[in-house]
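In each ligand, atom 1 is the first atom listed, and ligand 1 is the first ligand listed. For the numbers below, each heavy atom of this structure counts, side chains included, while hydrogens, waters and symmetry mates do not.
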Amino acid sequence: MTKNLYIHTIGCQMNVYDAEQMAGGLMPLGYQLVSSPEMADLILVNTCAIREKAEQKVFSFLGRLAKLKKKKPGLIIGVGGCVAQQEGKKILERVPYIDVVFGTHAVGRLPKIIQQIESDRGRIIDIEMSDEIQEREFAMTSQHEGKVTSFVTIIQGCDNYCTYCVVPYVRGREMSRSPENIIQEIRQLVKAGVREVTLLGQNVNSYGKKEGLCSFSELLSQVNDIEGLLRIRFTTSHPKDLSEELIHAFRRLDKLCKHIHLPVQSGSNRVLKRMNRKYTRELYLEKVEKLRDVCPDIAITSDMIVGFPGETRADFEDTLNLIRTVEYDSLFAFKYSDRPNASAARFSDKLSEQEKKERLQILLDLQKHFTIKKNEDLVGKTEEILVDGLSKRQTSSESRQISLNPESDIQWAGRTSANKIVNFIQGNDCRSNDKILTGQLIRVRIDKALSHSLWGEPVKLEPLGSEGEKSYAA
Ligand code: 5AD
Ligand code: SF4
């Protein structure tokens, strides 16, 4: 009998990957994915605890499920991910209609847990953490169908204990998967049509160190050799662990995309020390310089925290100056918030919400200028893009800006190696079969820069693969 499964994912790419694993694991029990919670027999909420706001989102979503449970008492509701790990039993106490709470290390045990609930209708909590990696059988689900890009977790957990961060407490110790399992999974994805993988970890740079496996750069080389795979990305890199070898991989490996997400968090040495980041502003800038020496057109992005406890106006100015020096392609910036267990929660000199809000706005306004500048620098250049598929409808103001006829023009979207979204228009012949371009690398001349995307025109429509440069395995 088929049963309907709805997964609501909040948070980072790792949660997206975990959601795929949950769906794959539940398939043998007869569960198929559906697109709305109303249709579901089982709802899983995959949660995020990284910042206060993310955690609030979890409880507001759970609140919305009360009505559904009333209407359909047989509905099973599960809460997984980082908030489940952090709060455990408290979730069952706070939300009476939740049936299961399962932690970040319990994803592999989920099918057994659900089976048990189906048979005895009890409530289960499983937040046990292990110090060994739990390999799960890879299973293709409808989430993989027609997908050009995919995430693959290579290392779980974190041993760094940045003072603001909850991750080491909710994801546990660092544990790397074996290169064999990773390569095997990517091969399966490529067979199913995936052309680009993003290797995931809280700190991919320390891949394999603890277990004495190969280094992260060596793993990248192995992934680079996979036939049919066109592109490789990875995230996230801790600046302190960014090795020379890895920097040189950007020149050495033809499939490695020219983009690095290298979170700096602050431009002030005093704050970096209090954050326990284990690098200085100078060391960070040195690494940025080396990256640009090796790969001049590499895109660099970062995360920033504003209003860390004790951050003075001068510290904040240091951060703004660092942004001016690096000229990031884009930034994710957050107001500091206390997290349970993270030691900065106990620091005394907290900033007011108003001050944090103002600093965030100043930082975002400054960065906006660089994001647009970086996009404008690409106008007139020819870029290779991997086509994701038909693009989302443009807003009417954007359509006017690029003289688009929304009735007849077909819009496609792809990404450059530097991870910039490029939209382009292609004729009616492609409408009937979006597979013509989806998953292909094509060359596009960039005509226009908008604030979050680019517009271009294909230089040559034949996919680069058909010139015999690359063979597609699928
Ligand atoms: N407050 C604000 N931002 C945080 N981040 C992590 N913890 C906190 C916190 N307590 C941000 C960091 C990290 C990103 C994923 O979230 O910038 O890189
Ligand atoms: Fe959190 Fe620091 Fe680990 Fe990143 S490196 S997950 S910020 S503790």
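Residue Asp338 places no N or O, backbone or side chain, under 3.5 Å from any N or O of ligand 1. Of the polar atoms of Arg339, none of the N or O atoms is found under 3.5 Å from an N or O of ligand 1, judged by distance alone. The N/O atoms of Arg51, backbone and side chain alike, include one that comes under 3.5 Å of an N/O atom in ligand 1.
Of the residues Asp329, Ile300, Asp303, the one that meets the side chain to side chain contact (heavy atoms under 4.5 Å, CB included) test with His261 is Asp303.
Residue contacts with ligand 2 for Tyr164 involve side-chain atoms from C-beta outward but no N, CA, C or O (heavy atoms, distance under 4.0 Å). Contacts of Pro168 with ligand 2, taken as heavy-atom pairs under 4.0 Å, involve the side chain alone.
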TODO: Walk me through it: do Phe308 and Tyr336 pass the test ring-ring contact (aromatic ring centres under 6.0 Å, His included)?
DONE: CA-CA 5 Å; Phe308 184 77; Tyr336 168 81; 5.5 Å; yes
TODO: Would you please test Tyr6 and Tyr31 for ring-ring contact (aromatic ring centres under 6.0 Å, His included) and show each step?
DONE: CA-CA 9 Å; Tyr6 178 78; Tyr31 283 99; over 10 Å; no
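Using the six-membered ring where Trp is involved, Phe61 and His8 have ring planes that are parallel, under 30° apart on the 30 and 60° scheme. Classification of the Phe234-Phe250 ring pair by plane angle, with boundaries at 30° and 60°, yields tilted.
With a cut-off of 2.8 Å, atom 2 (Fe) of ligand 2 has no N, O or S atom of His238 in range. Residue contact annotation: Cys158 places an N/O/S atom under 2.8 Å from atom 3 (Fe) of ligand 2.
Nearest to atom 2 (C) of ligand 1 among the protein's heavy atoms is Lys335 O, 3.3 Å.
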